[in-house]
Q: 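One structure, pasted below without further comment.
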Amino acid sequence: MSTESNSRENKSLQHATRRHFFSQCGIGLGAISLAQLMTENNVRAFDDNTNDPMRPKPPHFVPRAKRVIFLFMAGGPSQLEMFDYKPKLQEYNGQPIPASFIEGKRFAFMDSSHRIDLLGGRQAFAQHGQCGAWVSDLLPYTSKIVDELTILKTCQTDLFNHAPAKLFMNTGTGQFGRPCMGSWITYGLGSESQDLPGFVVLQSGPRGPRGGAVNWSSGALPTTYQGVPLRNQGDPILNLSNPAGITDQQQRELVDRVSQLNLKRLVETGDQEIATRINAYEMAYRMQHSAPELMDTAAETAETLELYGIKDPKESSYARNCLLARRLVERGVRFIQLYHTNWDHHGGPTENLEKHLPEICREIDQASAALVLDLKQRGLLDDTLVIWGGEFGRTPMGEVRESTGRNHHIEAFTMWMAGAGLKAGLTFGETDEFGFGPVGEKAHVRDIHATILHLLGLDHQKLSIRFQGLDLRLTGVEPARVLHELM
Amino acid sequence: MARALNRNASPATNYMRLLLPRHSQPRQTLTFRQPSFATLIVTSLLLCSSFACADEIDFDRQIRPILAKHCLACHGFDAHSRQADLRLDTREGALHSGSGDAIVPHDTQASQLLQRIQSQDAAMLMPPPEFGKPLDEEQKRLLARWIEAGADYAQHWAFQPLMAASSESGAKSATSDLIDHWVADAHQRMGLEFSPPASPATLLRRLCLDLTGLPPTLQEQDQFLASYATDPHGAYAATVERLLASSHYGERWGRWWLDQARYADSNGYSVDAPRQIWLFRDWVVAALNRDQPFDQFTIEQIAGDLLPNASESQKIATGFHRNTPHNEEGGIDVEQFRIESVVDRVATTGTVWLGLTIGCAQCHDHKFDPISQAEFYRLFAFFNQQDEPKLKVHWTSNPDPVTSPTEPTAEVTTLVMQERTERRPTHLLIKGDFTRPAEAVEPGTPAVLPSLSARGAIPDRLDLARWLVAPENPLTARVIVNRVWQVYFGRGLVESDSDFGLQGMSPTHPELLDAVAARWVEQGWGLKQLHRWIVMSRTYQQSSHVSKRQVELDPTNLWLSRQQRLRLDAELVRDAALVASGQLTTTIGGPPVFPPIPAGAMSLGQVNRPWKVSTGPDRFRRSLYTFTYRAVPPPMLNVFDAPDGVQACTRRLRSNTPLQALTLMNDAGFFEMAQSLAMRIESEGLEAAFRRCTSRLPTAEELAILAGLSPLDAARVLLNLDETISRE
């Protein structure tokens with residue numbers, strides 16, 4: 001069939017379409033139903049969203065959770081000062097760790113500051129809640145919600161430098177170019193939000209997370225699925241505001257005229273990508289209004305702000321990001337990742353266990369607990385998975401630089417989860433007397449990934465794409481176990 | 001080599017023949033026929049829902065994919081994960097390994113493989129149910145028929161030598177005609193035909209964007225349309241030559257190569273400090289512009305430093321493998337990350353030149369392709385012998401000493417490779433772990449490919465480089481031709497452009513790929529020649545408009561019955577807008593520049609890097625020159641799928657997202673362009689502005705839609721059109 005006759009065929013459609021289009025353009029294309037007209041001419045209707053890569057997609061099986069909030073404690077929090085109570089470590093403070101523990105193991109800073117002397121935990125621990133979980137006095141608010149938490153004490157990872165380990169926690173590999181968890185999940189499930197990105201990243205702390213954009217990269221998946229950083233200053237999303245001097249009316253007019261011309265081109269060429277483009281402009285326009293509304297945390301009640309410990313709702317902080325996470329959840333966003341820096345307490349002048357660890361704990365403790373409580377009181381905790389943790393933990397051996405600290409540790413560290421129908425109050429896994437490695441069950445990053453996907457109704461073996469000769473999966477090729485004990 | 005249509009055979013049988021390999025077809029003289037159509041209709045094709053209609057079984061297309069997907073993970077090349085000591089990747093293995101009776105040719109009863117795949121007992125069934133990849137009935141029937149017919153194996157197509165256009169008339173045909181012949185050949189069997197040629201305006205825009213990455217100016221449009229009216233072919237051919245001779249050609253195709261070279265201007269990982277390696281970028285652009293043959297282009301990048309009396313330029317070329325990310329984080333083991341760089345170099349070489357996933361063999365034998373872990377480390381040994389120095393270069397912004405002998409020079413450095421004086425021993429690393437070295441290995445290439453000839457006792461990088469582009473290497477030419485083709489049609493003839501291995505896809509037009517690749521090598525590896533062949537073909541010049549019939553018969557344009565409408569690559573989205581708004585600075589080469597980026601864009605990495613926005617002409621340079629931090633890629637380029645340079649990117653994705661819309665509508669750089677275009681609207685009128693953006697005249701209806709807008713609003717609409725960021 002020639003292009004010419006194709007054009008002829010399209011002509012009547014074009015007239016009908018234009019008529020319809022013009023009558024509707026004030027309220028946007030989403031409302032137009034052109035299904036009949038379009039399918040007659042191989043042009044898909046706009047309300048047929050099969051072209052939309054972010055349309056909600058059914059999971060593999062009935063899910064326990066619909067969405068995820070990952071509170072990423074960038075730098076590697078010291079589990080031994082927070083969750084993993086080891087009196088024995090105190091007792092052997094200053095003595096070398098038995099060689100059997102560290103034989104054949106590798107650590108960061110091996111050449112210089114690595115020490116083999118044990119460092120006793122310096123915090124007071126107590127048991128809390130019905131479950132009797134041990135939590136240190138650095139986390140008074142978290143202590144109060146332990147009955148809502150599922151604490152994993154034997155998390156393990158493979159890599160012990162920050163950037164590769166972060167990549168590992170996010171993508172399941174230390175290699176670049178692989179999709180991160182948020183990308184996999186929005187790829188698998190789409191998004192329920194019509195006017196916000198499906199995967200959002202929020203940052204707080206003195207610096208961005210190491211590795212930057214690779215942490216929320218969609219890797220081999222289309223960039224549609226990459227994390228969109230929401231910023232606390234200026235435009236929450238890059239290029240969200242109209243250019244200076246452009247009114248909302250002008251912007252609406254822009255979107256309408258662009259879409260009208262695009263529609264003509266769609267009819268002329270038959271290229272479905274143009275339909276996707278028209279929808280993208282509609283969503284971009286909606287985002288311009290919904291994102292500022294989202295960021296308007298001042299609209300929250302005084303009780304809520306107090307719950308999170310937010311004094312100034314306009315000021316950027318981890319606490320405000322936790323509140324934003326709840327607001328994003330309410331708006332149907334699928335995967336929300338908060339990064340808070342800096343947990344890298346080696347013992348340097350700005351990163352020691354005496355002063356800086358307590359400080360950063362104060363920054364996150366109340367708001368993390370508040371998020372869980374707030375989700376619960378709004379009925380959102382049941383189908384939201386909240387995850388707290390870093391890329392690795394810290395060694396039982398001390399590091400003495402200007403003051404005390406600990407080195408990176410990958411054999412056992414603590415994360416917690418909440419919501420998603422998990423067994424609340426459960427502590428999973430146990431470490432040895434020095435907190436060096438697991439005794440019994442462990443939760444490798446791959447197991448954690450498999451478990452997260454499972455909670456969302458996704459089979460980690462099935463969620464895969466073909467890339468450079470591999471069936472890429474979040475959990476990779478090594479065995480990964482869904483931790484059914486948590487459920 | 002032609003697979004002529006058997007006029008007496010049923011349409012279904014002819015369809016099957018299309019899917020059969022060349023080897024099982026009678027070789028006939030290549031003749032050019034007018035495709036006869038209407039003999040085939042899709043419904044009759046669908047009646048034959050499987051390959052079972054054909055008499056012959058084609059191992060490469062019908063059996064190997066089944067084995068690769070369902071069997072070889074446990075019964076393949078990788079000895080370590082092999083179960084029951086049975087391998088099915090070779091005929092020898094299938095007949096004699098394991099219990100020795102997995103496959104008994106011509107005997108379906110005695111063949112254990114068939115018993116196991118048909119077993120009702122879950123404990124006996126293969127593949128095991130927990131493997132999650134069960135065979136369907138059709139696949140089982142195929143395997144049975146294959147065994148019944150004798151269970152012949154064939155060498156994987158990509159490892160076979162290139163088939164030259166051997167027949168007399170084929171050998172004499174122009175390569176563009178050869179392309180069209182094989183495309184028409186497929187059309188005929190599919191009941192398809194060529195679309196009519198695209199309009200002259202579309203052709204010009206397509207050529208300009210494909211060859212130089214810049215849309216035609218108004219003057220170029222006028223000139224072309226005028227000469228096309230009197231002599232279409234002459235006008236078209238002259239334009240092709242003009243564009244190939246343009247120094248913007250090197251910029252456009254340089255970016256294609258820099259993607260594969262994982263080029264960026266910073267070190268990556270966490271600290272992501274800036275690095276200086278843009279001289280390599282300029283080397284690529286210049287090499288393409290002077291049409292350096294691809295074999296030389298390869299040799300200089302892999303081993304330019306080892307060439308006799310290596311020139312400065314040849315040393316700069318070795319920057320190719322200095323584009324690996326570099327971790328400057330505290331507390332790292334330097335040796336660990338040196339090894340990671342070497343691994344990346346091996347994997348990148350495999351991906352870029354050989355189209356093989358060699359990197360898979362870092363930790364274990366390749367599961368599917370015949371590449372052992374030891375062979376991975378033999379390749380590793382080539383790249384384990386280098387120091388990684390900086391080379392001091394006296395740089396001048398005008399490289400031509402004749403035209404500007406007094407141009408001042410600046411001393412700049414660039415990252416290069418240099419062979420060590422003392423050899424580093426190379427060991428196989430158990431599970432790829434550098435703390436677990438096993439047996440020592442010497443440099444060498446995979447046994448499945450033609451052998452390497454070394455100049456000395458121990459082969460070095462230069463030998464490797466020459467081996468990559470040796471005429472008998474069956475992969476490099478196919479891979480590169482395919483990757484060039486992919487740019488022109490949005491998809492390669494082999495869709496899995498970086499996996500020509502057993503798990504990759506078969507070519508849709510195998511004879512076409514081989515004919516062009518063989519010619520290309522024969523005629524001296526000239527990239528411009530390759531581009532010329534493609535763009536001069538009728539296949540390339542078709543309209544990209546999709547008809548309803550094409551959607552039904554060929555929804556994804558596998559059979560090329562039309563051109564493909566493609567959204568422009570990230571850099572070109574901006575470059576095209578710079579041309580449309582009349583702002584582009586056309587200077588070639590030099591240090592990276594800093595066009596406007598959204599406020600706060602740089603705060604997303606660990607280190608908040610400064611971004612001092614370029615003023616003056618540098619603000620409007622082509623996006624190829626935009627400084628790229630790996631950890632914080634330029635937002636505009638990033639949202640349009642530009643690679644971040646952390647690993648080789650051989651094929652860009654094309655996403656279509658709201659963030660792209662926000663960028664085009666609101667980004668400061670784009671708004672500046674809209675303001676500039678608005679001034680053009682005031683001086684030249686709306687129609688000219690429309691042409692600046694889309695390279696064609698608007699219709700009256702289109703102009704009506706733009707009516708009543710202020711020049712600025714109209715300019716913004718034009719720069720946001722899907723057509724403005726597309727090539728049709």
Side-chain angles (χ1 to χ4, degrees), chain A residues 1-3 6 9 41-42 106 108-110 161-163 176-177 203 207-214 222-224 228-229 231 233-235 237-243 250-251 253-254 257-258 260-262 264-265 268-271 273-274 276-277 280-281 283-284 287 408 461 468-470, chain B residues 132 195-196 269-270 272 327 329 331-333 351 357 360 435 498-499 501 503-504 543-549 551 565 567 598-601 603-606 631-633 635 639 641 646-647 653 655-663 665-667 671 702 705 713 716-717 720-723 728:
Chain A
M1 183 167 302
S2 75
T3 306
N6 185 34
E9 263 180 37
N41 203 290
N42 87 53
R106 297 180 62 244
F109 298 97
M110 280 192 93
N161 295 120
H162 292 287
F176 291 117
Q203 297 185 17
R207 67 183 191 198
R210 293 171 194 259
V214 296
T223 45
T224 313
V228 175
R231 303 168 55 255
Q233 281 145 10
D235 273 358
I237 295 172
L238 295 178
N239 290 317
L240 190 75
S241 299
N242 295 350
Q250 277 175 296
Q251 193 80 347
E253 191 83 346
L254 168 68
R257 307 252 181 151
V258 166
Q260 287 166 35
L261 287 165
N262 280 349
K264 291 186 75 66
R265 206 63 199 153
E268 180 72 18
T269 63
D271 182 2
E273 281 293 317
I274 305 179
T276 310
R277 178 82 52 204
Y281 269 75
M283 176 149 172
M287 219 184 258
H408 309 168
Q461 305 261 28
Q468 298 196 349
L470 289 171
Chain B
S195 290
Y269 288 97
S270 56
D272 199 34
N327 196 354
E329 184 179 325
I332 63 163
D333 187 321
T351 302
T357 54
C360 292
T435 64
S498 56
D499 187 6
Q503 288 241 307
S543 163
S544 61
H545 294 193
V546 192
S547 72
K548 192 173 174 185
R549 185 175 147 78
V551 169
R565 194 175 181 277
R567 197 259 285 152
S603 66
L604 300 171
Q606 180 198 340
V632 196
V639 299
D641 304 295
V646 294
Q647 61 169 191
L653 298 164
S655 66
N656 188 341
T657 69
L659 294 190
Q660 293 173 359
L662 288 177
T663 302
M665 291 194 291
N666 300 340
D667 179 78
F671 191 62
E702 284 165 335
I705 293 175
D713 287 343
R716 293 182 75 214
V717 170
N720 276 276
L721 294 182
D722 187 78
E723 195 176 350
E728 299 191 338

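Letters A, B, ... mirror the listed sequences (proteins, then strands); counts begin at 1. Since the structure is predicted, the reported quantities are computational estimates derived from the model, not experimental observations.
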Q: Among B:Glu723, B:Arg567, B:Arg565, find the residue that satisfies the side-chain contact (heavy atoms from CB on, under 4.5 Å) test when tested with A:Ile274.
A: B:Arg565
Q: Does any heavy atom of chain B fall under 4.5 Å from the side chain of A:Gln203, the backbone, both, or neither of them?
A: side chain
Q: Which one of A:Met283, A:Gln461, A:Arg277, A:Glu253 has the most heavy-atom pairs closer than 4.5 Å to chain B?
A: A:Arg277
Q: Side chain, backbone, both or neither: which part of B:Asp272 has an atom under 4.5 Å from a heavy atom of chain A?
A: neither
Q: So, does A:Asn262 use its side chain to make a donor-acceptor pair with the main chain of B:Asp722 at under 3.5 Å?
A: yes
Q: Name the member of B:Val717, B:Leu659, B:Thr657 that forms the most heavy-atom pairs with chain A at distances under 4.5 Å.
A: B:Val717
Q: Look at B:Met665, B:Glu702, B:Gln660 and state which one has the largest set of heavy-atom pairs under 4.5 Å with chain A.
A: B:Met665
Q: Rounded to the nearest 0.5 Å, how far apart are CG of B:Asn666 and CG of A:Leu238?
A: 11.0 Å
Q: May I ask you to check whether B:Asn720 and A:Tyr281 show a side-chain donor-acceptor distance below 3.5 Å?
A: yes
Q: Heavy-atom cut-off 4.5 Å, strictly under: side chain, backbone, both or neither for A:Arg231 against chain B?
A: side chain
Q: Any chance you could measure A:Met287, atom CE, to A:Ile237, atom CD1, to the nearest 0.5 Å?
A: 5.0 Å
Q: What part of A:Pro229 lies closer than 4.5 angstrom to a heavy atom of chain B: side chain, backbone, both or neither?
A: side chain
Q: Based on non-hydrogen pairs under 4.5 Å, which of B:Pro598, B:Ser544, B:Gly501 is most in contact with chain A?
A: B:Pro598
Q: Before accepting this row, confirm whether a basic side-chain N of the pair B:Asp713/A:Arg257 lies closer than 4.0 Å to the acidic partner's carboxylate O.
A: no
